[in-house]
Number of protein chains: 2
Amino acid sequence: MKKKILTIYILTLVLAVNAQDFTDYVNPFIGTSNFGATNPGAIAPRGMVGVSPFNVAGKQNILEKDSRWLSNPYVNENTFLTGFSHVNLSGVGCPDLGVILLMPTTGDVETNHLNYGSNYTNETAKAGYYSTVLEKYNTKVEVTATPRSGVSRYSFPKGKSNILLNLGLGLTNEEGASIKIVSPTEIEGMRTVGSFCYYKPEEAYPVYFVAKFSKPAESFGVWKTPRTYIGEEAKWMTYNGKTRLMEGYQKEVIGDSIGSYFTYNFDKPTQIEVKVGVSYISIENARENLEKETHHLSFDEIYKQTVSSWNENLSKIKVEGGTQDDKTIFYTALYHTLIHPNILNDYNGEYPKMATRETLKTEGTRFTVFSFWDTYRNLHALMSLVYPKQQSDMVKSMLDIYDESGWLPKWELNATETTTMVGDPAGIILTDTYLKGIKDFDVEKAYQAMVKSADAIDNNPLRPGIKNYIDKGYLTSDQGGSVSTTQEYNITDFSIALLAKELNKKEDYKRFIKRSISYRALFDDNLKLLRPRNDDGSWYEPFDPLAGANFTKNIGFIEGNAWQYTFMVSHDINGLMKLMGGPKPFSKQLQKVFDTKQFDMANEPDIAYPYLFNYVKGEEWRTQKMVSKLIRQYFQNKPAGLPGNDDTGTMSAWLIYSMMGFYPVSPGEPIYAITSPVFDKITIALHSEYYKGKELIIEKTGNKGGVIETIQLDNKIHKGYFINHSDLVKGSKLKINLK
Amino acid sequence: MKKKILTIYILTLVLAVNAQDFTDYVNPFIGTSNFGATNPGAIAPRGMVGVSPFNVAGKQNILEKDSRWLSNPYVNENTFLTGFSHVNLSGVGCPDLGVILLMPTTGDVETNHLNYGSNYTNETAKAGYYSTVLEKYNTKVEVTATPRSGVSRYSFPKGKSNILLNLGLGLTNEEGASIKIVSPTEIEGMRTVGSFCYYKPEEAYPVYFVAKFSKPAESFGVWKTPRTYIGEEAKWMTYNGKTRLMEGYQKEVIGDSIGSYFTYNFDKPTQIEVKVGVSYISIENARENLEKETHHLSFDEIYKQTVSSWNENLSKIKVEGGTQDDKTIFYTALYHTLIHPNILNDYNGEYPKMATRETLKTEGTRFTVFSFWDTYRNLHALMSLVYPKQQSDMVKSMLDIYDESGWLPKWELNATETTTMVGDPAGIILTDTYLKGIKDFDVEKAYQAMVKSADAIDNNPLRPGIKNYIDKGYLTSDQGGSVSTTQEYNITDFSIALLAKELNKKEDYKRFIKRSISYRALFDDNLKLLRPRNDDGSWYEPFDPLAGANFTKNIGFIEGNAWQYTFMVSHDINGLMKLMGGPKPFSKQLQKVFDTKQFDMANEPDIAYPYLFNYVKGEEWRTQKMVSKLIRQYFQNKPAGLPGNDDTGTMSAWLIYSMMGFYPVSPGEPIYAITSPVFDKITIALHSEYYKGKELIIEKTGNKGGVIETIQLDNKIHKGYFINHSDLVKGSKLKINLK
């Protein structure tokens, strides 16, 4: 027996050493300040459900959801917590979800969150875990999650305690919920969500839930608050505008402002676990999701599973060298790219059809939260490289959406097309994915879908202004963001051309490659910048190239100004260079963006700018210096450690690539710009189904703080500062020698 | 062949002559003015569902639901109609139900009832049928009903037409609904109702429905209106406080203010039929109710069935003589007594348990809407006589309620005990029913239930003030309605005594018979009236015997004054007579009630007064004169043809008895006071399961306008002006000879 025990002990030791816990480097507080819009809640990789502390209601808070536009359930500087929301978005610019709020309290039942809210302390956040202590209630809250369930553990003190489920409160003004106490251990119901950005309120939709409690409530009830009536009819209601408690009530209760309470009387400190299953289809599915994913498992067992799932995902990239903080910002960024897109389908495969929300079923995974205007730039490229199976499923989901709605998605959220932001970016992702070698999808359908939105003149939801775009080559100044949208369409048309070429559609190739450079007509030789033109072809006057920075309103550009957009022609940098008078003026003008502080790290249009010096021979060191500087300046191991909104992982994806020393500088094209990596060695496990190589290794050698002297691919000198995707994924070693 | 046709022809003629259509004498407009609170909508006998025109919203109306207390969905004087509600109460004093509102419109969809409401014309109302023409839309609306479904037929003009289902609008301030368009021919959902009298808002509950349309909508959608936000958060919502249309939406929509529209484009005038099934259990049950009761049947076929059902019920009493108007007020009154109590259980027998609303199942009929403070006085006696099977089922429902809630009902509505009004009247009904020979219920349980509320000192929901009542014999003046409630308890205790005697519980009999006359301590010798006493036994001062008339507030009496209550000791008229100094002072004092205009025909406490002259030998003519006068004065074939609120048929039951020449003057005791009938001959079919006699015949002879000279029972002179129930139901002929 002794020998056996020893063997196990040694095995355990070996496993412990080998089984590196990458979640140690995840700090979910990064991005929870400085409008990063992430939250420190517990979530499983690509989980439909996460449990986030909700601290954005109540005037006690610095940033409060009702008195200012706020798109996240949690702000690090805030201090007043009113619950834990079970469906949340991470890194978005518009409020939605942030509902199904659980809150433990003690003492008498209080149903107004402004009264029952509490300060909190001792916050801990890890991948798949968050905990805090509610000061007012001396109650520790721990939360974890499975893909479709949130799990909470409350450590109550002795005495009377309550668990509130507030369906009136939420991140947005959307309302409408139903609740039914099924038994003293179970509650079911639904909450209305939707109206992302307060667009399309007519497409609000239900999210269903089932909550199961580890101990039966000793008493329970539901509350309902009517609106405040005035005049004669108000006199009849003793409860006018006031909450009424419906004690012991077990029938369905419906209304705009409702909730439930479970009450306990503990004779000693007691833990209660609450599991909340969620579905966008039905209560039955929410219950099945809950049961299949959490049945018979304790909080600790579920957390262990979720950590393991995180580890498996994070371990696809191993980094060596760098500081602890470097690793933390890197793996936290990777963690952030593994939150959205997230699964939409239930355990049984059912998910809502686009817009009409009929129930459909998938054999694979139906992904959602496609913020393509952001993510086409780098996140999906990262997925193709590191998680090609996931990317393949995302592409299949895009084609499902096309089948369901007739159009590719632009900003899809839970089977609604929110139509926020501009451009027609889906096609870029499709081309990029295909050209990177992920081909297990219906590429002909994908191509057809891309051409549809590129050519449809009437009722085209993806390309407003397309008539002018086709006729004149550009949108005219009467159309919002006329220049930037022209650029976006150009980039997509370039991707269509690339795919046409690949599919041997020569006529299409010619047509779209020609269309893709029509932005050139908007180049103002005097300003050396892009500039809006009027319908008659004249320049828009008066024109201020600085207008539009910091999200201020302007003509011609969406969320940016002429400086921040002019270089966003990633597919035609050489063309732009010519327009500017050659490499030197181009480089000078590009440097000017940084020197005049027009560069905005916090928004997408210019995030590839630092890599564009690579296009000018001899100026590549500027890319390396600038990227290194931006990493240090904007990305840090602290709540304000993102430059701004994470944009569903786009900022994080920028950081990951930049720290690894290469960047997908021209979305759609399977190429990367090279820069100096932060880490000494990066090992990316390559997916055997998609790539021949087993792993991609990037090594940094030489003067670690210096600039690149030579680049070697598999021990041969590599010319230039770009590298093809195909060269990387055949199982190469990229060696970057600094001087 | 010729012979056969002739035979059929003769047969048809014979049938036509024999099959009298009693519904010809039903005018559902009676009681729709003068606060009668009935409605002219279509309903089946004791239907859970009825379809009533809803004309009480909008300032155009004289009586408007929001600007004054209004308990009915329809007022005859009003002119602006905003839909047709599918669950309604008839003759109650508090608003509830009045929801699930359908409305046909033409032209563009308008969702605000204040805008889409219309004037209307050509109203027709019959038993089971109502129709009108909406002037604004040139659309004829016809409605009928089965017990659990409302059926509408809209005759639309050519062009664009809509059918709106508004779940935001309702008679009360209660809110909260869900709706789901299942297909272009079907909608399902629920609406919250409850809070009758704005009491017990914590017991609000759902009513479910399924609506099926005879033709598929060409387009459809749902609307939802949020509350009006103010401040910063209001700026984000283009739809703040405004209705949003969710076109083509087929997912569940939930909120306080929602509705749906079905739109058609007719190339010629077209009829659409809409059937709405209802359930208090579930959508599934609502669908089953609809399908079982209306499946494959057209509007006309359903109406025919419902008329037939009305005829069957109304035919239990046949009257001869009298004018057309006499017959109309009589059969309309009978119609009104056949609306409430109504069925609560679904087609499959399921119904909600009291308060907790768990699903229970009955083999028989679970009745609801028990307004016992009103109906114990005469309506249930009428049911026992004419519809003993129904009365038996009502009693069984009462005992079910006792089983479910621990207490007999007082004012039960859809499985909630509203606890409106006073007294503990259920026991009176139980005794009355049993002593009249309807014994197929668990009388021991009934007795136990009666004693429970008579004896429970603590937490007795039926008898507030019971401690004083038992200790002192009366409630004290600090308790609202102390005198009248003492009287009510006395009458119930008398009934307990009667049943105790019948069940051979001698001790109980003694105890309760003694308790039943405790009101005597409240008799003020000087005033010759009852008067409240203080806790120390002294008279309440200052005391105004006139205070309390016309529903004004007073001390000592609920909804009445000392004059209107003093004689309400139906079980102890001889005792009261003694207190007053004998028959003559009694008769004089009673006459004074009428002479000083203190008598109130519109409320229950004094409605038996006109019959009390029968207790004084030689004064019986006063009863006959007074009853005849009151019939003519207060009951007429016109909308204002009820003295006031019908009180779920109590006023109507008074009229029916009074026109037949006898009245259940002492509830609980199986006796009737006799007066001169209006009709020459009344034939009541006696139920063979309960009564030996086949029919009871009452005949009026002699000078038809005169007073009674002799009374004969089965051709023998009958002494006195009272008659036992048992004498009537053995198949007797009561002959009343006038001089």
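Excluded from the calculations below are hydrogen atoms, water molecules and symmetry mates; all remaining heavy atoms, backbone and side chain alike, are included. Below, chains carry the letters A, B, ... as their sequence lines are ordered, and counting in each starts from 1.
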Supply the atom-to-atom distance [X] [atom1] to [Y] [atom2], rounded to the nearest 0.5 angstrom.
{"X": "A:N173", "Y": "B:M237", "atom1": "CG", "atom2": "CE", "result": "5.0 Å"}
{"X": "B:K251", "Y": "A:T359", "atom1": "NZ", "atom2": "OG1", "result": "4.5 Å"}
{"X": "A:Y205", "Y": "B:E252", "atom1": "OH", "atom2": "CD", "result": "15.0 Å"}
{"X": "B:K200", "Y": "A:Y239", "atom1": "NZ", "atom2": "OH", "result": "13.5 Å"}
{"X": "B:W236", "Y": "A:C197", "atom1": "CH2", "atom2": "SG", "result": "12.0 Å"}
{"X": "B:E203", "Y": "A:Y249", "atom1": "CD", "atom2": "OH", "result": "8.0 Å"}

Evaluate whether atom CD of A:E247 has more than 12 neighbouring non-hydrogen atoms of other residues, nucleotides or ligands under 6.0 angstrom away.
no
Can you tell me if A:I230 has over 12 outside heavy atoms packed within less than 6.0 Å of its CD1?
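No, not enclosed.
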Give the member of [options] that has the highest number of heavy-atom pairs under 4.5 Å with chain A.
{"options": "B:P201, B:A234, B:G255, B:S67", "answer": "B:P201"}
{"options": "B:E232, B:M246, B:R357, B:Q250", "answer": "B:M246"}
{"options": "B:P95, B:G221, B:A204", "answer": "B:A204"}

Could you check whether any side-chain heavy atom of B:S195 comes within less than 4.5 Å of a side-chain heavy atom of A:R244, counting everything from C-beta outward?
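Side chain of B:S195 against side chain of A:R244, heavy atoms only: contact under 4.5 Å found.
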Considering only heavy atoms, which portion of [X] lies under 4.5 Å from any heavy atom of chain B: side chain, backbone, both, or neither?
{"X": "A:Y208", "value": "side chain"}
{"X": "A:A177", "value": "backbone"}
{"X": "A:K65", "value": "backbone"}
{"X": "A:R68", "value": "backbone"}
{"X": "A:W69", "value": "both"}
{"X": "A:P226", "value": "neither"}

Is it true that B:K224 and A:E174 make a salt bridge, defined as a side-chain N closer than 4.0 Å to a carboxylate O?
yes
Which pair of heavy atoms, one from A:E202 and one from B:L245, lies closest together, and at what distance?
CB-O, 2.9 Å
Of all heavy-atom pairs between B:S178 and A:I254, which one has the smallest distance, and what is that distance?
CB-CD1, 3.6 Å
Look only at the side chain of A:D66 and the backbone of B:E233, and say whether a donor-acceptor pair between them is shorter than 3.5 Å.
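Here the side-chain-to-backbone pair does not exist.
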